[in-house]
Amino acid sequence: MSKPGLPQGTRDFGPDTVRKRNFIFNTIRSIFELYGFQPLETPAMENLETLMGKYGEEGDKLIFKILNNGLNDPKNIEKAKAGFENVLAGRNDKSITERALKYDLTIPFARYVAMNHGQLTYPFKRYQIQPVWRADRPQRGRYREFYQCDADVVGSTALLNEVELLTIYSQVFQKLGIDVDIRINSRKVLSGLAEAIEETGRMMDITIAIDKVDKIGVDGVKEELRTRGLNDNKIDQLNGLIFFREENRNASNLSKFEFIKKSALYNKSATLQEGVKDIEYIITQCEASGINNIRIDLTIARGLNYYTGAIVEVTAKGVTMSSIGGGGRYDDLTGLFGVPNVPGVGISFGVDRIYDVMEELKLFPKDVQVGTRVLFFNLGSPESLAAYSCMQDLRKNNIACELFHENSKFDKQFKYAEKKNIPYVIIIGSKELAEKTAVIKDTRTGEQITLPIAQVGSFSFL
RNA sequence: GUGAUCAUAGCUCAGUUGGUUAGAGCAUCAGAUUGUGGUUCUGAGGGUCGUGGGUUCGAGCCCCAUUGGUCACCCCA
């Protein structure tokens with residue numbers, strides 16, 4: 001038997017980590033609930049065909065496929081061999097695999113909406129907190145199993161939904177203490193730009209290229225556009241807007257809008273105008289309610305295929321970590337599953353990256369580590385029986401406590417309390433037992449008081 | 001999927017051009033100290049050097065493969 005291990009890109013979470021993660025989950029969940037979203041859960045696996053083709057070419061490659069059972073059954077072997085040839089040719093084959101681990105929460109949600117659209121009350125607002133899996137090569141901030149926390153609204157085209165979702169972003173990150181940039185763009189703007197330079201078919205090429213401006217700079221983007229088949233004339237037309245980002249990074253949103261509207265391309269595409277107006281509305285509304293960390297950014301693209309309207313991406317300031325949240329509007333996601341005309345918009349929180357950011361910036365409050373509030377010392381048989389009954393009284397009052405498992409030295413029992421970050425110890429020894437008292441000690445301050453045992457239950461362990 | 005880099009005690013790491021029984025700090029356990037901890041002192045346990053091959057008289061060190069971590073690309077939460 002060799003040493004046990006974990007599959008690449010997966011992790012165990014110890015007690016401390018789980019508590020910190022729960023702090024994030026609880027924060028997000030409470031805000032989702034506050035805004036009227038309802039919980040939903042879907043299976044870890046979906047039928048492969050539900051997922052395929054929804055995330056772009058790259059996305060399809062990263063879907064974890066599940067091998068069918070019973071391939072070695074004599075009656076399946078011939079079919080499996082033929083199917084495997086198909087797989088080797090780079091295609092999927094139902095005789096080999098027909099299920100896969102879910103890749104995100106949005107597509108399974110769309111599948112759910114399509115299956116239940118008759119029963120749902122629209123607009124349907126749901127939130128979902130579950131793991132997803134991607135067969136990516138792991139690196140910083142990238143895992144093969146990670147949690148997403150999504151909130152989506154389907155059945156409404158109102159931009160008010162976008163405003164509300166952005167408000168949720170703002171509020172959650174404020175509660176977590178993370179200073180963030182929320183960048184917004186619209187697929188309409190991107191496709192409008194492609195339309196304006198008469199390259200409608202190259203919209204993805206254009207967006208992928210300009211999305212890299214942070215990394216490779218303006219000249220790099222131009223080169224990338226060139227290799228993706230745009231001629232210099234068209235690149236120059238886009239150039240103004242690419243430079244727009246570089247040179248006016250910190251300009252106000254208002255001046256950015258003016259800049260875009262002045263652009264020669266603006267009048268060439270109704271889609272572009274529509275996109276700009278959408279964003280203008282969203283930002284104006286957000287700013288009106290005091291949210292001022294949303295910036296228009298023409299270079300965010302978002303890789304997922306299904307977005308059609310506003311798109312948004314959240315990054316943390318002060319750390320080198322890619323986006324910790326993202327989302328956008330999709331006009332017809334359920335159409336892929338046979339139910340047309342159900343528009344939606346949603347956001348996602350990447351809990352694992354949020355965790356990494358909070359760890360790096362030391363943003364977790366100290367008290368998330370407190371589980372047990374009171375440790376009863378074990379000082380012998382009759383003493384521990386008295387302690388046990390006192391402890392049960394506290395537990396009835398909802399105070400988490402435990403009795404040290406054996407009669408060990410004081411030193412050892414104190415160290416246990418210290419390690420587990422337990423704020424109070426209660427000492428009932430032979431002297432206290434005789435006097436029917438207990439010593440309550442605050443391990444943080446070292447202060448201690450002696451109380452009659454009967455009064456311990458009414459002590460406030462803060 | 002492509003490329004780079006790393007892997008030595010529970011943790012963080014030393015380990016010289018390949019040379020005898022592989023070290024330190026922290027942690028753990030025991031004792032100095034049998035009712036008030038986090039200090040100090042003394043001692044102890046713990047590693048077939050990620051795994052599998054190879055070169056060599058001899059490998060923690062060199063070579064190949066493999067697994068895992070990290071980083072970049074691709075892409076993304």
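Every chain is numbered from 1 and lettered A, B, ... according to where its sequence line falls, protein lines coming before strand lines.
- For the side-chain hydrogen bond (donor to acceptor under 3.5 Å, both in side chains) test, residues two or more places apart in sequence or in another chain that qualify with A:Thr42 are A:Lys102, A:Gln128.
- With rounding to whole Å, A:Phe410 atom CZ is found 15 Å from B:G38 atom C1'.
- No hydrogens or angles were tested; on distance alone, nothing pairs the side chain of A:Arg137 with the base of B:G69 as donor and acceptor under 3.5 Å.
- Atom pair A:Tyr143:OH and B:G68:C1' shows a separation of 15 Å (rounding to whole Å applied).
- B:G31 and B:C13: their C1' atoms are spaced 29 Å apart (whole Å).
- Atom P of nucleotide B:U36 and atom CG of A:Asn407 are separated by 14 Å, given to the nearest angstrom.
- The backbone N or O of A:Tyr147 sits less than 3.5 Å from a side-chain atom of A:Asp352, completing a donor-acceptor pair.
- The pair A:Arg140-A:Glu360 counts as a salt bridge, with a side-chain nitrogen and a carboxylate oxygen less than 4.0 angstrom apart.
- If you check residues 343-360 of chain A against RNA chain B, the residues with a heavy atom closer than 4.0 Å are A:Gly350, A:Arg353, listed by number.
- Pair assignment for B:G52: B:C64, on the basis of Watson-Crick or G-U wobble contacts that are both within less than 3.5 Å.
- You'll find a donor-acceptor pair under 3.5 Å spanning the side chain of A:Lys441 and the base of B:U36, going by distance alone.
- Here the P atom of nucleotide B:A77 and the CH2 atom of A:Trp133 are 16 Å apart, to the nearest Å.
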